[in-house]
Amino acid sequence: MTAPGGPVLGLPLDRLFALYLAVAAVALLFPHRPGAWPVLLALHVLAIAVAWPMPPIQHSLAGARPGIRRVIRGTADWLPLLLIPLLYTELAVLNRAVHDGRYFDTMIIAWEQLLFRSQPSQEWAAAAPYLWLSEPLHAAYLSYYFIIFGPPLLLFLRGRTDAFRRVAFAVMLSFFAHYLFFIYFPVQGPRYLFPAPGGELAAGPFYQVAHRVLEAGSAQGAAFPSSHVGVSVTMTLMVIRHLPRLAPLIGALTAGLAFGAIYGGFHYAIDAVAGLILGAFVWLAARPLYDRLLSQSRGLSVPAAP
């Protein structure tokens, strides 16, 4: 997975990860930062130093045994994806550091009304309170985790290293773009402000699982644009390119997820629209950005030790 003498760290996803951590860490310079901000800042700096190491460290790693190099590179390839839950949890701390608990829902609700002449996140389920509709939409909403990890894992297991790295890069670029919105423009979403759809719908098993997952791990202020929709759109477009036979399934799940996010009252409809636009824009930007960073990382190559 790593050419002899080439950089073990500092590849495109490593550099992207480091850049995100640097921009996110700026939030810790705002006056409402938590008391433990030096610890968080130190963790960001340490992770940046590991992801984008100095040349002497690169030289040392390039001279390591091939087996050690493969382990380090394989870990680095997967680590950003595996750290998604931790990075997501951090968002509420960072956006409070910037805005001290202020959210922009009033603005988003006004945009929603202007665009849709209604509030779909409050009205769709009330207008169609059917279990046969609710359960597939909530199941599609939960498929988010399969959408994120399924295609990269399949590419990895097939040994398609370049495709795996490009897909992982695009997906993490989408995550990081959404996360920066959540830090510097936090929106709670309808789930925090309005009651969830109830009645017969609440008896559905997928409905119950979706609400339990959100209660256990949602980050306040992480609604606009919808990362569920945006990341899934990015992944769908990447799958069309690299795993075309899987594309109809991922595309159908993404569409169901987008409608389910609104129907279930998890997101404003404008969150989903903005997520779709941002996810598509990230897909367009990912390939040239990856190629540029890859070209730069090749400049780190050093002769392998004998």
Side-chain angles (χ1 to χ4, degrees), residues 88 92 103-148 174 178 181-182 185-237 247-281:
Y88 181 76
Y103 301 99
F104 294 90
D105 288 79
T106 301
M107 183 184 300
I108 295 299
I109 290 171
W111 292 352
E112 183 101 329
Q113 191 67 35
L114 183 65
L115 182 62
F116 295 100
R117 304 296 180 184
S118 64
Q119 296 294 320
S121 65
Q122 300 306 300
E123 298 172 10
W124 282 9
Y130 309 124
L131 201 62
W132 59 263
L133 176 61
S134 172
E135 282 297 279
L137 290 178
H138 280 85
Y141 185 77
L142 290 168
S143 72
Y144 182 56
Y145 305 99
F146 169 74
I147 293 171
I148 294 170
S174 192
H178 286 83
F181 267 98
F182 300 159
F185 186 77
V187 174
Q188 296 182 90
R191 178 174 167 270
Y192 285 93
L193 301 180
F194 306 104
E200 180 187 5
L201 304 184
F206 286 114
Y207 174 104
Q208 294 177 9
V209 172
H211 281 267
R212 287 172 186 164
V213 168
L214 287 172
E215 288 167 7
S218 61
Q220 196 165 2
F224 176 89
S226 168
S227 59
H228 280 74
V229 175
V231 171
S232 297
V233 166
T234 301
M235 179 62 85
T236 299
L237 295 170
L249 173 60
I250 299 299
L253 291 176
T254 295
L257 179 153
F259 285 106
I262 303 166
Y263 179 93
F266 306 131
H267 282 280
Y268 303 112
I270 200 168
D271 297 344
V273 172
L276 188 156
I277 294 170
L278 183 56
F281 177 79

Exercise. So, does Y144 use its side chain to make a donor-acceptor pair with the main chain of T254 at under 3.5 Å?
Worked result: no

Exercise. What distance separates I108 CD1 from I270 CD1, expressed to the nearest 0.5 Å?
Worked result: 5.5 Å

Exercise. If we only count heavy atoms from C-beta on, is the Y103 to V187 side-chain gap below 4.5 Å?
Worked result: no

Exercise. Excluding sequence neighbours, so at least two apart, what forms side-chain hydrogen bond (donor to acceptor under 3.5 Å, both in side chains) with H178?
Worked result: none

Which atom pairs, one a donor and one an acceptor, fall under 3.5 Å between side chains of residues 222-230 and the rest of the protein, sequence neighbours left out?
unit_1	atom_1	unit_2	atom_2	d
S226	OG	H228	N	3.4
S226	OG	V229	N	3.2
H228	NE2	Y141	OH	3.4

Seminar exercise, completed: Residues at least two apart in sequence or cross-chain that pass side chain to side chain contact (heavy atoms under 4.5 Å, CB included) with L249, listed by chain then number, are F146, L246, L253

For this session: Report yes if the side chains of F266 and L214 come closer than 4.5 Å at any heavy-atom pair, otherwise no.
Result: yes

Problem set entry | Contacts of F104 that satisfy ring pair (Phe, Tyr, Trp, His ring centres under 6.0 Å) - sequence neighbours left out | H99, F185

Exercise. Quick one: ring-ring contact (aromatic ring centres under 6.0 Å, His included) pairs with a partner in residues 186-206, sequence neighbours left out?
Worked result: none

For this session: Please name all residues satisfying side-chain hydrogen bond (donor to acceptor under 3.5 Å, both in side chains) with T234, sequence neighbours left out, ordered by chain then number.
Result: S174

Could you go through residues 272-279 and list every donor-acceptor pair under 3.5 Å that involves a side-chain atom there, pairing it with any protein atom two or more places apart or in another chain?
none

Exercise. Which pairs pass side-chain hydrogen bond (donor to acceptor under 3.5 Å, both in side chains) with one or both residues in residues 271-281, sequence neighbours excluded?
Worked result: H267-D271

Exercise. How would you list all residue pairs meeting side-chain hydrogen bond (donor to acceptor under 3.5 Å, both in side chains) that involve residues 118-133, not counting sequence neighbours?
Worked result: Q113-Q119

Exercise. With sequence neighbours excluded, what pairs up with A247 under the side chain to side chain contact (heavy atoms under 4.5 Å, CB included) test?
Worked result: V239, I240

Exercise. Excluding sequence neighbours, so at least two apart, what forms side-chain hydrogen bond (donor to acceptor under 3.5 Å, both in side chains) with E112?
Worked result: none

Problem set entry | By ring pair (Phe, Tyr, Trp, His ring centres under 6.0 Å) - contacts of Y207 (at least two apart) | H138, H211

